[in-house]
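Inspection log for the structure reproduced underneath, given as structure tokens.
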Amino acid sequence: MNLAAAPGRQIELAETATRNALSLSEYALRRGAGDDEAPPPFTPKPYDHRFTYDGWSRLPFAMMEQGFLACQDWWDHATDHLHGVSSADSDRVGFMMRQVLDMASPSNFPATNPEILDETVARKGANLAEGAEFFARDMMRALTGAEGEASTLEVGRDLACTPGEVVHRNELFELIQYSPTTDKVQAEPVLIVPAWIMKYYILDLTPEHSLIRYLVGQGFTVFAISWANPRADQAELSLEDYRKDGVMEALDAVTRIVPGQKVHATGYCLGGTILSIAAATMARNGDDRLASMTLFAAQVDFSEAGELLLFVDESQVAFLEDMMWARGYLDSTQMAGTFRAMRAEDLIHARAVQRYFLGREDMTSDMTTWNADATRMPARMHSEYLRGLFLENRLSAGRFAVEGEVIALRDIAVPIFLVGTEKDHIAPWKSVYKMRLFNGSDLTFALASGGHNGGIVSPPGRPRAHFRIGHRPAGAQYEAPDAWFAAHAPQDGSWWPAWTDWLTDHSSGAVPPPDMASSLAAAPGRYVLQH
């Protein structure tokens with residue numbers, strides 16, 4: 001409606017349509033004249049892998065691809081921010097149009113996808129028969145509510161297999177202490193706080209991809225929280241319960257097991273958010289047990305919280321609250337569906353093409369296995385963090401109260417290591433970077449290649465990985481993110497060694513490993529196996 005009353009924008013869109021049509025026409029003429037090297041005027045977005053098959057460079061498929069991308073480009077302009085329309089509404093319209101366009105992509109249909117046609121000819125239609133069998137199987141599972149096919153990778157055997165012991169347990173979490181593998185360890189232990197919306201073993205995948213195993217091998221005593229998968233009778237668990245009975249109780253246990261030492265606290269995603277809340281509360285209360293704080297892809301300001309904001313407004317939160325009231329929790333399938341919708345072209349449509357038209361089984365990997373192992377969230381806590389953090393942004397605004405008193409991020413005085421990822425659509429790196437606005441302590445920021453998970457799980461030796469890193473002394477002036485980016489050149493390789501070097505620099509020296517605490521069970525424990 002606003003666009004209909006905006007003649008200036010209408011003229012701009014007409015010019016865009018004309019320009020795109022002329023670009024397509026020129027490309028068609030050059031290709032029609034036999035110029036196979038003519039550069040295509042439009043390119044897919046970096047995360048869009050639907051047109052990587054070589055056959056898309058052949059006619060007529062090249063024109064189908066370019067026509068679709070030209071249409072997508074026009075709609076990107078049409079749904080861009082418009083004067084008089086809130087950015088949230090513009091983003092939602094753009095998101096819905098992307099969903100429609102993704103359904104209409106030529107890559108989705110056998111007659112217009114060269115890879116499907118080539119595969120069908122090569123296999124004499126066997127791919128379509130196998131795809132139909134996959135479709136029937138998936139449809140039956142969807143109708144009956146049965147679980148998906150089991151992964152060939154098993155938690156405790158192939159994943160989450162770093163040796164250790166469960167040394168503390170309550171109704172909310174298990175605390176795992178990992179067995180040392182070096183003769184000496186840094187005196188200060190590391191406590192890892194994962195997000196409650198994910199299983200902790202994203203940081204302990206297969207041995208070659210395990211950050212926890214890497215840390216242990218570098219001479220650190222490592223503890224990790226493994227959150228319980230909440231049940232309906234735990235609907236009243238609150239955000240404060242996760243801070244007090246989760247983070248703080250874990251910290252108490254670590255300092256009992258390793259007495260007399262401060263702790264390097266590390267939080268991932270929303271685990272970093274609640275760790276920041278806990279650290280600010282500790283600073284307010286004079287609790288100085290932290291040696292440092294590390295945040296992986298974690299936000300303390302949610303005004304630019306990525307595409308998740310598309311799903312968070314008053315009406316949607318109220319709807320979720322009503323739905324959770326009946327169940328007691330947010331079901332894991334709903335959260336998983338949200339993440340798939342944000343990358344529908346890859347996680348929904350491209351997967352359907354691979355499975356149902358090309359007849360290819362889903363490839364099993366440690367990351368896809370973990371991604372399918374979703375968790376629930378208790379109703380009260382989920383409502384509190386959606387309202388208090390996403391909707392009202394209380395933490396960075398100085399309106400977040402713990403035990404009746406407001407906390408301030410600026411009170412955190414320990415050194416901070418902050419990690420953002422370049423392609424993160426859940427916690428955009430510029431949003432993660434905002435910690436520099438709200439805290440003036442010694443801070444090191446690393447920007448890794450990859451996305452929200454792939455950028456964090458980036459072990460040494462990973463091909464094409466790179467990162468940027470910069471240090472800001474305590475009390476230094478603020479530097480805008482674009483200026484920071486321009487001033488720090490990329491370095492090839494993983495950021496993990498830079499982080500462990502930083503942890504070593506902020507530790508007091510190497511000592512014999514502490515004794516393992518009394519074991520309740522072998523790692524990875526029982527909570528991570530809950531469904």
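All values below were derived from every heavy atom in this structure, side-chain atoms included, with hydrogens, water molecules and symmetry-related copies excluded. This is a predicted model, so every value here is computed, not measured.
A salt bridge between R464 and D492 is absent, with no side-chain N of the basic residue lying under 4.0 Å from a carboxylate O of the acidic one. Ion pairing between a basic and an acidic side chain is recognised when a charged N comes within 4.0 Å of a carboxylate O; D76 and R98 show no such pairing. Using a cutoff of 4.0 Å between basic side-chain nitrogens and carboxylate oxygens, E188 and K262 are not scored as salt-bridged. A salt bridge links E403 to R243: at least one charged side-chain nitrogen sits closer than 4.0 Å to a carboxylate oxygen. Here D301 does not pair with K430 in a salt bridge; the nearest charged N to carboxylate O distance is not below 4.0 Å.
Contact detail for N170 and Y527: the closest heavy-atom pair is O-OH, 2.5 Å. Considering all non-hydrogen atoms of both residues, P513 and V185 come closest at CA-CG2, 3.6 Å. Shortest non-hydrogen contact noted between Y200 and I225 is CB-O, 3.4 Å. Heavy atoms only, all atoms of each residue included: P180 and M516 are closest at CD-SD, 4.0 Å. Contact record, S508 with A187: OG-CB, 3.5 Å, taken as the closest heavy-atom pair. Shown here for S458 and W495, the closest heavy-atom pair between the two residues is CB-NE1, 4.2 Å.
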Would L237 and R380 satisfy side-chain contact (heavy atoms from CB on, under 4.5 Å), going step by step from the backbone distance to the final call? CA-CA 6 Å; L237 283 172; R380 180 179 174 186; over 6 Å; no
Would you check, one step at a time, whether the test side-chain contact (heavy atoms from CB on, under 4.5 Å) holds for R284 with T281? CA-CA 5 Å; R284 183 195 68 189; T281 306; 3.7 Å; yes
Report the C-alpha separation of F400 and L239 in whole Å, then their side-chain angles, then the decisive distance to 0.1 Å, and conclude whether the side-chain contact (heavy atoms from CB on, under 4.5 Å) test is met. CA-CA 12 Å; F400 193 95; L239 196 59; 3.9 Å; yes
Go through it in stages, so that I can follow the logic: the residues are N453 and Y268, the test is side chain to side chain donor-acceptor pair (under 3.5 Å), and I'd like the CA-CA distance, side-chain angles, deciding distance and then a yes or no. CA-CA 10 Å; N453 297 319; Y268 185 12; 2.9 Å; yes
Test side-chain contact (heavy atoms from CB on, under 4.5 Å) on T162 and S210 and set out the steps. CA-CA 8 Å; T162 302; S210 171; 3.6 Å; yes
Step by step, would you call E165 with S519 a side chain to side chain donor-acceptor pair (under 3.5 Å)? CA-CA 6 Å; E165 304 292 336; S519 175; 2.5 Å; yes
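With R468 contributing its side chain and A448 its backbone, the two residues share no donor-acceptor pair below 3.5 Å. Judged purely by atom type and a 3.5 angstrom limit, W496 uses its side chain to pair as donor or acceptor with the backbone of I456. Proximity of a side-chain donor or acceptor of H506 to a complementary backbone N or O of W502 within less than 3.5 Å is detected. At least one donor-acceptor pair closer than 3.5 Å links the side chain of T182 to the backbone N or O of K184. Judged by distance alone, the side chain of Q177 and the main-chain N or O of A517 form a donor-acceptor pair under 3.5 Å. Although no hydrogens or angles enter the test, the distance criterion places a donor-acceptor pair under 3.5 Å between the side chain of R472 and the main chain of S441. For D89 (side chain) and R92 (main-chain N/O), no donor-acceptor pair under 3.5 Å exists by modelled atom type. Under a 3.5 Å cut-off, the side chain of T421 and the backbone N or O of G451 do form a donor-acceptor pair. Under the 3.5 Å distance criterion, the side-chain polar atoms of R231 are left unmatched by any main-chain donor or acceptor of P378. Judged by distance alone, the side chain of W370 and the main-chain N or O of K199 form a donor-acceptor pair under 3.5 Å.
Between the side chains of H264 and Q186, no donor N or O sits under 3.5 Å from an acceptor N or O. Residues N229 and T375 bring no donor and acceptor atom of their side chains to less than 3.5 Å of each other. Between the side chains of D366 and Y201, not a single donor N or O lies within less than 3.5 Å of an accepting N or O. In this structure, a donor-acceptor pair under 3.5 Å is absent between the side chains of T368 and N371. Side-chain contact, H471 with D442: a donor N or O sits under 3.5 Å from an acceptor N or O. There is no side-chain donor-acceptor pair under 3.5 Å between S90 and H81. A donor-acceptor pair shorter than 3.5 Å cannot be found between the side chains of T273 and Q299. Side chain to side chain, T504 and D501 fail the donor-acceptor criterion of an N or O pair below 3.5 Å.
The distance from the CD1 atom of I412 to the CG atom of L290 is 8.5 Å, given to the nearest 0.5 Å. Note that CG of L153 is 7.5 Å distant from OG1 of T206, once rounded to the nearest 0.5 Å. N439 CG to K434 NZ: the interatomic distance, rounded to the nearest 0.5 Å, is 15.5 Å. The distance from atom CG of L386 to atom CG of L389, rounded to the nearest 0.5 Å, is 8.5 Å.
Ring planes of H488 and W484: parallel class, angle under 30° (limits at 30 and 60°). Ring planes of W196 and Y385: perpendicular class, angle over 60° (limits at 30 and 60°). Under the 30°/60° scheme for interplanar angles, the aromatic rings of F417 and W499 are found to be tilted. Taking the six-membered ring where tryptophan is involved, the planes of W227 and Y242 are tilted, since the angle between them lies from 30° to 60°.
More than 12 heavy atoms of other residues, nucleotides or ligands sit less than 6.0 Å from atom CZ of R157. Annotation: D183, atom CG; neighbour count of heavy atoms from other residues, nucleotides and ligands within 6.0 Å does not exceed 12. By the neighbour-count criterion of 12 heavy atoms within 6.0 Å, atom CZ of R410 is sparsely surrounded, having that number or fewer from other residues, nucleotides or ligands. Counted within 6.0 Å of CG on D233, heavy atoms from surrounding residues, nucleotides or ligands total more than 12; the atom is thus considered enclosed.
Between V155 and L529 there is a side-chain heavy-atom pair separated by less than 4.5 Å. With a 4.5 Å cut-off on side-chain heavy atoms, E171 and Q234 count as touching. A heavy-atom distance below 4.5 Å is found between the side chains of I192 and L203. Contact check for Y178 versus P163: no side-chain heavy atoms found under the 4.5 Å cut-off. In this structure, M198 and C269 have side chains that are in contact, with non-hydrogen atoms separated by less than 4.5 Å. Here the side chains of I197 and M377 are in contact, with some heavy-atom distance below 4.5 Å. Residues D241 and M381 have side chains not in contact (no heavy-atom distance under 4.5 Å, counting atoms from C-beta outward). Looking only at side-chain heavy atoms (C-beta outward), T255 and Q261 stay at 4.5 Å or farther from each other.
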